[in-house]
Amino acid sequence: MKKIVMLAVMAMSVGACSTVDKMSWAQQSPDEFMVMSRAPLSLPPEYDNRPVTTPLSSQQKQAALKAKFNGLSSGEKAFMKQIGAETNNDNIRAELDNEMKVSE
């Protein structure tokens, strides 16, 4: 009797090995050959074109800066005046380049 029970238990344990995959207990990885490829990304033909803008005069720049400062509180306006944000420097790039040359 013990031999029959042991034989039945062994048969069930060996038979259970194949049911793990069927019952989704084992993690299944995707099939790498079933992955669909996508078309490569491409840029539009005129991607580098930028909108054309006319350069503003210094008076127009000052007016634009003042319009930005209208919504600020008095403390913020005082701070912006102290750091010189109301003035516009058209040669800032050249000044920064000179400062970088001097510091090197």
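Side-chain atoms are counted along with the backbone in the values below, which use heavy atoms only and exclude waters and symmetry mates.
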Glu95, CD atom: more than 12 neighbouring heavy atoms under 6.0 Å: yes
Spacing of Asn91 atom CG and Asn98 atom CG [to the nearest 0.5 Å]: 10.0 Å
Distance in Å, Lys77 NZ paired with Lys81 NZ, rounded so as to fall on 0.5 Å steps: 11.0 Å
Whether over 12 other heavy atoms sit under 6.0 Å from Ile92 CD1: yes
Value rounded to 0.5 Å, distance of NZ in Lys101 from CG in Leu96: 12.0 Å
